[in-house]
Amino acid sequence: MKLLTKAPRGTQDILPKDSYKWQFIENLVLEAAGMFGFREIRVPTFEHTELFQRSVGDTTDVVQKEMFTFEDRGGRSLSLRPEGTAGTVRSVLETGIINDALPLKLCYILSCFRNERPQAGRFKEFHQFGIEMFGSALPSADAEVISVAYEIFDTLGIKNLELQINSIGCPECRKKYQEALKQYFYENIDQLCDTCKERLEKNPMRILDCKVESCKEITKNAPKVLDYICEDCAEHFQQVQQSLTAMGIPFTVNPNIVRGLDYYSRTVFEFVSNDLGAQSTVCGGGRYDTLVETMGGKPTPALGFGMGLERLLMVLEAQGIEIPEPNTCDLFIATIGQAAQLKATQLVYLLRKEGFYAETDTVGRSLKAQMKYADKIGAKLSCVLGDDEIQSCSAKVKDMEDGSVQQVEFKDLPNVVYEKQLKDLSDQIGDEDISF
Ligand code: ATP
Ligand code: MG
């Protein structure tokens with residue numbers, strides 16, 4: 001029985017006291033993305049396991065250790081998506097929208113699943129807002145993608161979020177770098193964990209991302225990728241920096257960022273916060289110029305990022321940035337007797353159709369309990385319907401804030417509710433001392 005009332009570890013319920021914050025953030029990020037020309041795509045929650053093995057990479061932590069994989073009845077291996085890029089690339093190829101006018105600019109909000117040890121800012125089910133841009137090789141595209149994330153953080157008023165960028169070069173420069181890494185790590189092989197010993201031959205760059213302490217230690221003095229990138233990649237990286245500077249977006253170059261997924265090339269970046277403890281990266285992304293081709297498409301440069309929404313909300317919370325609360329009840333109609341209840345049912349429906357948030361009793365409470373409830377939900381206006389009110393088609397409407405009362409005909413209820421909304425709004429503006 002206990003299992004029935006216990007959610008699996010690493011998952012969370014988002015309750016009404018918080019869901020309005022999610023709605024606000026989701027609207028804000030989609031709106032920001034829209035302003036930059038990114039349109040929403042929705043992809044399945046699970047894909048063929050092979051898709052993630054081939055794109056994210058089968059030597060990465062995400063694929064090796066963190067995926068939720070299961071078989072369908074036909075014995076095919078499926079996995080819950082650990083991220084959004086693989087499914088998006090699969091979709092643009094399968095549906096052919098990648099053949100439309102380029103650049104193709106997409107965004108999404110999705111749940112992701114990674115079988116990681118739950119801790120602050122790390123869950124087994126979490127949510128990402130992400131964008132992907134296909135067909136743009138120019139450095140200005142890198143700056144554009146970064147600017148979407150920057151704009152979102154800036155709009156929300158988040159402070160102390162550091163943008164760190166790096167270039168991990170193209171596959172050509174990476175070959176040289178991987179050789180240098182291999183040599184370095186072979187010299188220090190005793191200090192590597194077993195997984196990294198295996199990675200050494202297949203994908204030594206993954207060792208740089210390992211979270212095991214001894215590996216992290218030995219990684220500190222490993223060769224740096226920036227010393228190995230070719231002239232073209234170096235020039236590209238220079239121009240990304242120029243574009244960011246031109247846009248007034250501050251950044252630092254961090255040669256240690258390699259990102260945990262295999263598909264990246266050239267520019268990689270992270271937005272890092274001091275307010276998150278160990279799980280400090282709110283947003284990570286970069287270029288993946290070879291992925292589309294790897295997955296069977298025409299060679300198409302591409303790039304994007306994923307932003308962890310739980311972590312974003314944690315930063316807002318830590319910095320005391322408040323999200324506007326949703327509207328509270330405009331009018332509560334309390335009732336005495338069945339006839340009044342019927343009338344109230346009709347009136348609240350009519351008010352709701354006009355766009356007002358009206359409530360009446362649906363529990364069968366006493367009048368006193370109804371008024372207590374109206375108070376609890378923060379109703380701005382209230383009235384009581386009994387036989388007299390039904391007779392006169394009017395009721396005394398009470399302003400719950402200042403206690404003032406006015407006699408209102410039923411047909412005028414929408415006007416009175418609207419006037420109250422306007423008054424509240426002008427009070428608010430007065431509070432903020434806005435001058436025109
Ligand atoms: P980390 O180094 O924290 O594990 P990552 O490099 O694995 O992050 P990405 O694959 O780049 O993360 O995912 C993009 C973003 O998604 C991260 O920057 C983070 O904000 C968020 N994220 C990743 N894994 C989790 C998780 N298990 N729980 C909550 N958010 C996550
Ligand atoms: Mg991770």
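Every number for a ligand or one of its atoms is a count from 1 in the order of the listing. Here, residue 1 is the first one in the sequence, and each next residue gets the next number. In what follows, every heavy atom counts, from backbone to side chain, and hydrogens, waters and symmetry copies are set aside.
Salt-bridge formation is not detected for the pair E125/R114: no Lys NZ or Arg NE/NH1/NH2 atom is positioned less than 4.0 Å from an Asp or Glu carboxylate oxygen. The existence of a salt bridge linking K182 and E201 is confirmed by a sub-4.0 Å separation between a basic side-chain nitrogen and an acidic carboxylate oxygen.
Comparing R114, H127, M314, K211 against atom 12 (O) of ligand 1, the shortest heavy-atom distance belongs to R114. When G121, G285, G286, G308 are ranked by how near their heavy atoms come to atom 29 (C) of ligand 1, first place goes to G121. Scanning L276, T281, I257 for the heavy atom closest to atom 18 (O) of ligand 1 points to T281.
F305 places a side-chain heavy atom less than 4.5 Å from the side chain of V145. Two residues are said to be in side-chain contact when any heavy atoms from C-beta on lie closer than 4.5 Å; I158 and L312 meet this criterion.
The shell of residues lying under 4.0 angstrom from ligand 1, judged by heavy atoms, excludes E83. The shortest heavy-atom distance from Q279 to ligand 1 is not under 4.0 Å. Heavy-atom distances between R311 and ligand 1 reach below 4.0 Å in at least one pair.
By the 6.0 Å and 45° rule, K105 stacks over the aromatic ring of F38. Because its NZ or CZ atom is both nearer than 6.0 Å to the ring centre of Y373 and within 45° of the ring axis, R365 counts as a cation-pi partner of that residue.
For E116, every heavy-atom contact with ligand 1 shorter than 4.0 Å involves the side chain, none the backbone. Contact annotation for C112 and ligand 1: no heavy atom of the residue comes within less than 4.0 Å of the ligand. Heavy atoms of K124 found under 4.0 angstrom from ligand 1: none, in either backbone or side chain.
Closest to atom 1 (P) of ligand 1 among all protein heavy atoms lies R122 NH2, 3.6 Å. At the shortest separation from atom 16 (O) of ligand 1 among protein heavy atoms lies Q128 NE2, 3.2 Å. Scanning all protein heavy atoms for the shortest distance to atom 30 (N) of ligand 1 gives F126 CD1, 3.3 Å.
Between E310 and ligand 1, no pair of N/O atoms sits closer than 3.5 Å. Some N or O of V282 is nearer than 3.5 Å to an N or O of ligand 1, by distance alone. For a threshold of 3.5 Å applied to N or O pairs, the pair formed by F123 and ligand 1 contains at least one separation below that value.
Using a 3.5 Å distance cut-off with no hydrogens or angles, the side chains of S214 and Q191 do not pair a donor with an acceptor. A donor-acceptor pair shorter than 3.5 Å can be found between the side chains of D142 and T267. Q53 and D58 share no side-chain donor-acceptor pair at under 3.5 Å.
Ring to ring, F129 and Y108 are not that close: their centroids are 6.0 angstrom or more apart.
For ligand 1, the atoms lying closer than 4.0 Å to a non-hydrogen atom of R259 are 6 (O), 9 (P), 11 (O).
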